[in-house]
Protein chains: 2
Amino acid sequence: MKHLEKAAEQLAGHLAGGGLRLTRPRRAVLEAVMALDRHFEPAEIEKRAAAAGVHRASVYRILPVLEAAGIVRRVRDHPGRWHYEHVVGHQHHDHLVCERCGGVTEFASPAIESEQARQCRLHGFTETSHHFVIRGVCRQCRAGAAGRKEKTRGRR
Amino acid sequence: MKHLEKAAEQLAGHLAGGGLRLTRPRRAVLEAVMALDRHFEPAEIEKRAAAAGVHRASVYRILPVLEAAGIVRRVRDHPGRWHYEHVVGHQHHDHLVCERCGGVTEFASPAIESEQARQCRLHGFTETSHHFVIRGVCRQCRAGAAGRKEKTRGRR
DNA sequence: ATCCTTATTGCGACAAGGTCGCAGCAAGGA
DNA sequence: TCCTTGCTGCGACCTTGTCGCAATAAGGAT
């Protein structure tokens, strides 16, 4: 993944332009993030970063930095719930979230984009961002009829 | 809300058919749930139930009962994250949320609905619900540079 | 290469969401 | 009313996320 280098550069640029510093923890979190798939939760990064000796609290302080640097984006799942997704190398898209396995599929639809622009015009609304999530059951889960086992939740 | 009675009946029926009991706490949680809007989080119910003398732990044990009774549905937002929604299907509408005044405008768009159905077909996805929110600035706020109200962030 | 300023980190504490085992309580059929 | 046993309240504990503070270390200046 050459995305990492690109992101690192982007981070460095962002930091430089604000008197901010490129530290080891920041680099570690960046790497953990880039090593993951497009979507992830802070907890996942927290785990990986911890292995690199980065403290939990730092991870939560660094993620917003990456966001400000335009490397990841914080996406709202539902009021109060968030997850992150990569921005570098990805264009805008919306999400299909499976209620069974939790899998996230992305899709892009110019038709929706334009219709949404039309709606905004219609209501004299100036859009700054939008969030579109379709919940349901993905192909795999529906196929595996009996429903696959839930991934272990919370407990341990 | 006559929905409540209907739900209560449904609950009673479900319980009766399984040697389960209709207790005061269960009734209280049912009422708290029905008093809320379509989507809600356990925390919300927890608060209301507490006011009725129902313990936190009980709420988390009762919600799954309501789910089994077909009164609410537990929906997965993302791995490890859940929220509930009323199963009494209500017509869905989408929203335009103003970032300045917080106003919410509803809109319905057949074009989006159909495009979204097409996307689902395309990905072998079976939709159960969707959530579409466009954030931005409404006509009024853009006209008069009205006072904005900062969203409280972070702290709790 | 060394010094200095100060952005950033690690730490420990804390708040809220959520789960568990257990003993006592109470729904509701006998 | 009695009795079985499904439920509940309680309190301990785990997880996610945030905060204040003192120590640390980037990285420009020297």
Side-chain angles (χ1 to χ4, degrees), chain A residues 8 11-32 40-69 74 76-84 102 150-156, chain B residues 8 11-30 32 40-69 74-84 151-156:
Chain A
L11 212 207
H14 168 73
L15 295 174
L20 304 181
R21 297 166 183 175
L22 179 50
T23 63
R24 188 187 58 71
R26 280 180 183 167
R27 214 173 325 225
V29 170
L30 207 221
E31 272 164 38
F40 63 88
E41 294 186 57
E44 191 61 39
I45 302 302
E46 183 187 323
K47 207 167 13 176
R48 289 171 174 253
V54 178
H55 192 276
R56 236 151 56 71
S58 296
V59 171
Y60 287 102
R61 279 182 293 220
I62 291 173
L63 249 13
V65 171
L66 296 192
E67 189 186 7
R74 196 188 204 192
R76 180 196 229 97
D77 279 330
H78 206 67
R81 307 266 67 116
W82 309 78
H83 76 263
Y84 286 84
E150 285 291 0
K151 211 54 196 132
T152 50
R153 294 189 300 110
R155 278 351 262 101
R156 207 292 31 156
Chain B
L11 212 206
H14 168 73
L15 295 175
L20 304 181
R21 298 167 182 173
L22 179 49
T23 62
R24 189 187 57 71
R26 281 180 182 167
R27 215 171 325 223
V29 170
L30 206 222
F40 63 89
E41 293 184 57
E44 192 61 41
I45 302 302
E46 183 187 322
K47 209 169 7 176
R48 289 170 175 255
V54 179
H55 193 274
R56 235 149 58 73
S58 296
V59 171
Y60 287 102
R61 281 183 292 221
I62 291 173
L63 251 11
V65 171
L66 296 192
E67 188 186 8
R74 193 190 206 189
V75 180
R76 176 181 222 139
D77 281 330
H78 210 67
R81 292 303 171 204
W82 310 79
H83 77 265
Y84 286 85
K151 264 302 166 104
T152 46
R153 49 161 277 289
R155 314 304 289 98
R156 255 184 261 179

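Chain A is the first sequence line, chain B the second, and so forth, proteins listed ahead of strands; every chain is numbered from 1.
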Closest nucleotide among D/dT8, C/dG17, D/dG27 to the B/P25 side chain: D/dT8

Flag side-chain contact, heavy atom, 4.5 Å: A/P25 against A/I62: yes

Atom-to-atom span, CG of A/L66 to P of C/dT8 - whole angstrom: 12 Å

4.5 Å side-chain heavy-atom contact, B/E46 and B/V54: no

Spacing between A/E46 atom CD and C/dT9 atom P, to the nearest angstrom: 15 Å

Touch class at under 4.0 angstrom, heavy-atom based, for A/R24 against every strand present: sugar-phosphate

Nearest-nucleotide comparison on DNA chain C, the residue closer to the 5′ end among B/R61 and B/L20: B/R61

Whole angstrom value for the distance that separates P of C/dA27 from CD1 of B/I62: 13 Å

Distance, rounded to the nearest Å, where A/L63 contributes CG and D/dT18 contributes C1': 14 Å

Out of C/dG12, D/dG9, C/dG28, whichever nucleotide has its closest atom nearest the side chain of A/H55: C/dG12

Side-chain donor-acceptor pair present, B/E67, B/Y84, cut-off under 3.5 Å: no

Sugar-phosphate, base or nothing in reach of A/R56, heavy atoms under 4.0 Å: base

Of A/A43 and A/A57, the one whose closest DNA chain D nucleotide lies more 5': A/A43

D/dG17 phosphate, OP1 or OP2, under 4.0 Å from A/Y60 side-chain N/O: yes

Nucleotide C/dT8, atom P - distance to CG of A/L11 in whole Å: 11 Å

Minimum side-chain heavy-atom gap A/L22-A/R27 below 4.5 Å: yes

Distance in angstrom units between A/R21 CZ and D/dG28 C1', rounded: 10 Å

Donor-acceptor pair, side chain of A/R56 and main chain of A/A50, under 3.5 angstrom: no

Proximity to the side chain of A/L22 - top-ranked nucleotide from C/dC22, C/dT8, D/dG27: D/dG27

Between D/dG17 (P) and A/K47 (NZ): distance, integer Å: 13 Å

Distance test, side-chain N/O of A/T23 to OP1/OP2 of C/dA7, below 4.0 Å: no

Rounded distance in Å - CD (B/E44) to P (C/dA16): 14 Å

Side-chain N,O (A/R26) to OP1/OP2 (C/dT9) below 4.0 Å: yes

